[in-house]
Amino acid sequence: MTKKAKTFRPKARVPRGFRDRLGAEIIAEREMLARISAVYESYGFDPLETPAFEYTDALGKFLPDVDRPNQGVFSLQDDDEQWMSLRYDLTAPLARYVAENYDALAKPFRRYAVGPVWRNEKPGPGRYRQFTQCDADTVGTPAPHADAEMCMLFAEVIEAAGVPAGDFVIRVSNRKIIDGLFEKIGLAGEGDAATRLNVMRSMDKFDRLGEAGVRALLGPGRKDESGDFTKGVGLADSNIESVVAFLTSAVLKDKAKGPTLTGANEETLNKIASVLNETPSGRSGVDELMAINRQILDKYKGAIAIDLSIIRGLEYYTGPVFEADLTFEALDEKGRPVRFGSVGGGGRYDGLVERFKGIEVPAVGISVGVSRLLAALELKRGAATAVAGPVVILALENDQMADYQAMAAELRAAGVRAEVYLGGSNFAKQLKYADKRGAPLAIIQGEDERAKGEVKVKDLVLGAELSKKIDDNAQWREAQPAQTSVKRANLVEEVKRALARK
RNA sequence: GCCGCCUUAGCUCAGUUGGUUAGAGCGCUAGAUUGUGGAUCUAGAGGUCCCCGGUUCGAGACCGGGAGGCGGUACCA
């Protein structure tokens, strides 16, 4: 027995946390991006494209005291040994761009950006290591006018992306109010920075873990379902009460209270003001949100809610913060309810450009997580609508290929997606191919049709429908359902007519 | 990163206390029904039983390590 020599065969597999996409999904994303971009442009934002890689120091992702980049970013060393990293968001490259071109730019600088970003972290359901973001930012405007505009833009963009009004809410908070809370409970000192960070991390989980979970995290700690224990912050009970009261302070839109949120928003802010007014940060944070709330146009009032339980970018945002949340529910393929949560975020970051220039450049922006939004809409609407396949022209006679291609060319010239079958199989296989491609029509011209100067236009969708009623093959073939003979010269006209019926 | 569960054909999964040529359904390929998708019938291809090592006369099954997947959790610009 001779054994075949072992040839090395790499396993064909997509890298962990990445994925391939085909057809309908790409088209759906492209359309969504086009709609979002159109809104951004209509607000006066210009598109900006920056490279996938940035120098790691420009992204600010070197680990402290170590000569290596943070694990969370994909990094490599250039041939001159400089570290470069794939961008993990679109804001850091913007800050670099603005700093690099500062003097040439008209300020405020308004730009939007669309593209993939990469994060080297554990993938989860609906969470990949490459995904698409779609951002708009205004650089060089202090609060609150730009912030109010961002909130409205955010609402308009989510709606343009395909989420009907009422199925989402833009939640707004302000980092300064949280600072006020820390002042109030005596955690504003220099030495309490770590504690503040941990408190905010716990608050950020309010959504997922609820009040009881957050109480546990703020106090002694929490044991999760897998038995793993998370160490708590260890706050005094009275301070835990303050934090929880703060988280639950939002006065939600209530049918009994009226149709819009602004009333509820004012109520929320008055409530907070009464508690935090004596703290300088709290006071100015409340004032900013009140100013934003006053500038919201009527048409967006139902979509923008003051809610102090959102945290976001812990060490990053300096003022107002926003989060877009979907509020509808859908079932996954196993029939379990899914909550989507955040499909975008943003806020004011007055410190980012300062890293480069040494001068404070106030900026505010939003970021839409297009991939998550698409996944959510797909679950809600059922599977992505299949892309309509091309009209398939069967290739039945080898020496007639030129004419088949001519038919395709005529159809394309008339704006019809069309292709000639190029596989070299028999009649039945060719129709099967057309079926699988989702072709609405097949064009048939064999010897007989050609002799008569005709082609057959076969409606595959109708044919499939009719076939359900037939269970005998002879009968099925005899009937040759859903096809009509037309003059070759009338091909385009007949195809367009047939397509128009769909 | 940490905890738990899982990994057998393209897909969904069987596989006895460790025993010879590892199975099913669906899908796929080819053929039949004179040049027509579906249905039916016939035939066929397709497996490193995730990988490496160990125990054993013998491992898909048992043990150790690794990888990948799923679910929590931590981190998250």
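Letters A, B, ... are given to chains in the order of the sequence lines, protein chains preceding strands, and every chain is numbered from 1. Fair warning: this is a prediction, and the values are worked out from it, not measured in the lab.
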> The test is side-chain contact (heavy atoms from CB on, under 4.5 Å); show your working for A/Val117 and A/Leu90 and say whether it passes.
CA-CA 7 Å; A/Val117 301; A/Leu90 297 174; 4.0 Å; yes

> Could you tell me whether the side-chain ring of A/Trp476 sits stacked on the base of B/U36, using a centroid cut-off under 5.5 Å and a plane angle under 30°?
no

> Taking the same atom, P, in B/U40 and in B/A59, what whole-Å distance lies between them?
42 Å

> Do the side chain of A/Ser371 and the main chain of A/Thr132 share a donor and acceptor less than 3.5 angstrom apart?
yes

> Is any side-chain N of the basic residue among A/Arg450 and A/Glu447 closer than 4.0 Å to the acidic one's carboxylate O?
no

> With both distances under 3.5 Å as the test, what is the Watson-Crick or G-U wobble partner of B/C76?
none

> Using the P atom as the point on both nucleotides, what is the distance between B/G60 and B/C52, in whole Å?
12 Å

> Please answer whether the main-chain N or O of A/Tyr88 pairs with a side-chain N or O of A/Arg119 as donor and acceptor at a distance below 3.5 Å.
yes

> Remember a base hit wins even if backbone is also touched, and classify A/Lys436 as base, sugar-phosphate or nothing at under 4.0 Å, heavy atoms.
sugar-phosphate

> What does A/Leu59 touch in the nucleic acid at a heavy-atom separation under 4.0 angstrom: a base, only the sugar-phosphate, or nothing?
nothing

> With rounding to whole Å, what would you report as the distance between B/G64 and B/U55 at their P atoms?
15 Å

> Heavy atoms only, 4.0 Å cut-off, all strands: where does A/Lys205 land among base, sugar-phosphate and nothing?
sugar-phosphate

> In whole angstrom, give the distance that lies between atom CG of A/Leu460 and atom P of B/U36.
15 Å

> Counting only Watson-Crick pairs (N1-N3 plus N6-O4 or O6-N4) and G-U wobbles (N1-O2, O6-N3), all under 3.5 Å, who is the partner of B/U36?
none

> Indicate, with a heavy-atom threshold strictly under 4.0 Å, whether A/Gln430 touches base, sugar-phosphate, or nothing.
nothing

> When we call it a touch if two heavy atoms are under 4.0 Å apart, what does A/Glu449 touch: a base, just sugar-phosphate, or nothing?
base

> Please give the distance between the P atoms of B/U16 and B/C6 as a whole number of Å.
16 Å

> When the distance from CG of A/Leu217 to P of B/U73 is rounded to whole Å, what number comes out?
10 Å

> Using a heavy-atom cut-off of 4.0 Å across all strands, would you classify A/Ile444 as base, sugar-phosphate, or nothing?
base

> For atom C1', what is the distance between B/U21 and B/G25, given to the nearest Å?
22 Å

> Is the base of B/G38 touched by the side chain of A/Lys469 through a donor-acceptor pair closer than 3.5 angstrom?
no

> Tell which nucleotide pairs with B/G31, taking only Watson-Crick or G-U wobble pairs whose two distances are both under 3.5 angstrom.
B/C41

> B/C76 C1' sits how many Å from A/Phe74 CZ, rounded?
14 Å

> Using a heavy-atom cut-off of 4.0 Å across all strands, would you classify A/Lys429 as base, sugar-phosphate, or nothing?
sugar-phosphate

> Mapping A/Lys456 and A/Ser425 to their closest nucleotides on RNA chain B, which lands nearer the 5' end?
A/Ser425

> Answer with base, sugar-phosphate or nothing: what part of the nucleic acid does A/Asn473 contact at a heavy-atom distance below 4.0 Å?
base

> Could you state the atom-to-atom distance from CZ of A/Arg129 to C1' of B/A77 in whole Å?
17 Å

> Assess whether a salt bridge exists between A/Lys468 and A/Glu465, defined as any Lys/Arg side-chain N lying under 4.0 Å from an Asp/Glu carboxylate O.
yes

> Between A/Pro15 and A/Ile470, name the one whose nearest nucleotide on RNA chain B is closer to the 5' end.
A/Ile470

> So, is A/Arg312 near the phosphate of B/C76, with a side-chain N or O under 4.0 Å from OP1 or OP2?
no

> When rounded to the nearest Å, what value does the distance between C1' atoms of B/A14 and B/G47 take?
15 Å

> Ignoring hydrogens, what is the shortest heavy-atom contact between A/Phe45 and A/Asp137? Give both atom names and the distance.
CE2-O, 3.3 Å

> Is the NZ or CZ atom of A/Arg312 both under 6.0 Å from the centre of the six-membered ring of A/Tyr317 and within 45° of that ring's axis?
no

> Give one of base, sugar-phosphate or nothing for A/Ala464, where a contact means two heavy atoms less than 4.0 Å apart.
base

> Quick one: A/Ile443 CD1 to B/G35 C1', roughly how many Å, whole number?
16 Å

> In the strands shown, is B/U16 matched to any nucleotide by a Watson-Crick or G-U wobble pair with both distances under 3.5 Å, and which?
none

> Does A/Tyr88 stack onto the base of B/A77, taking stacking as ring centres under 5.5 Å apart and planes under 30° apart?
yes

> When you measure only distances, ignoring hydrogens and angles, does the side chain of A/Lys432 come within 3.5 Å of the base of B/U36 through a donor and an acceptor?
no

> Find the partner of B/C70: check Watson-Crick (N1-N3 plus N6-O4 or O6-N4) and G-U wobble (N1-O2, O6-N3) distances, both under 3.5 Å, and reply none if neither fits.
B/G4

> Check the phosphate of B/A77 against A/Arg355, side-chain N and O only, distance under 4.0 Å to OP1 or OP2. Yes or no?
no

> Once you apply a heavy-atom cut-off of 4.0 Å, does A/Arg201 come out as touching a base, just sugar-phosphate, or nothing?
sugar-phosphate

> Side chains of A/Thr248 and A/Glu211 only: does a donor on one sit below 3.5 Å from an acceptor on the other?
no

> Counting any heavy atom closer than 4.0 Å, what does A/Asp459 reach on the DNA or RNA strands: base, sugar-phosphate only, or nothing?
base

> Does the structure show a Watson-Crick or G-U wobble partner for B/G60, both distances under 3.5 Å? Name it, or say none.
none

> Should the ring pair A/Tyr40 and A/Tyr112 be called parallel, tilted or perpendicular, given that the plane angle runs from 0 to 90° and is split at 30 and 60?
tilted

> Could you tell me how far apart A/Glu121 (CD) and B/C2 (P) are, to the nearest whole angstrom?
16 Å

> Using the P atom in both, what is the distance from B/A9 to B/A22, to the nearest Å?
14 Å

> What interatomic distance, in whole Å, is found between C1' of B/C63 and the corresponding atom of B/U20?
25 Å

> So which nucleotide does B/C11 pair with, by the Watson-Crick or G-U wobble rule with both distances under 3.5 Å?
B/G25

> For B/G38, take OP1 and OP2 only and decide whether either is under 4.0 Å from a side-chain N or O of A/Arg477.
no

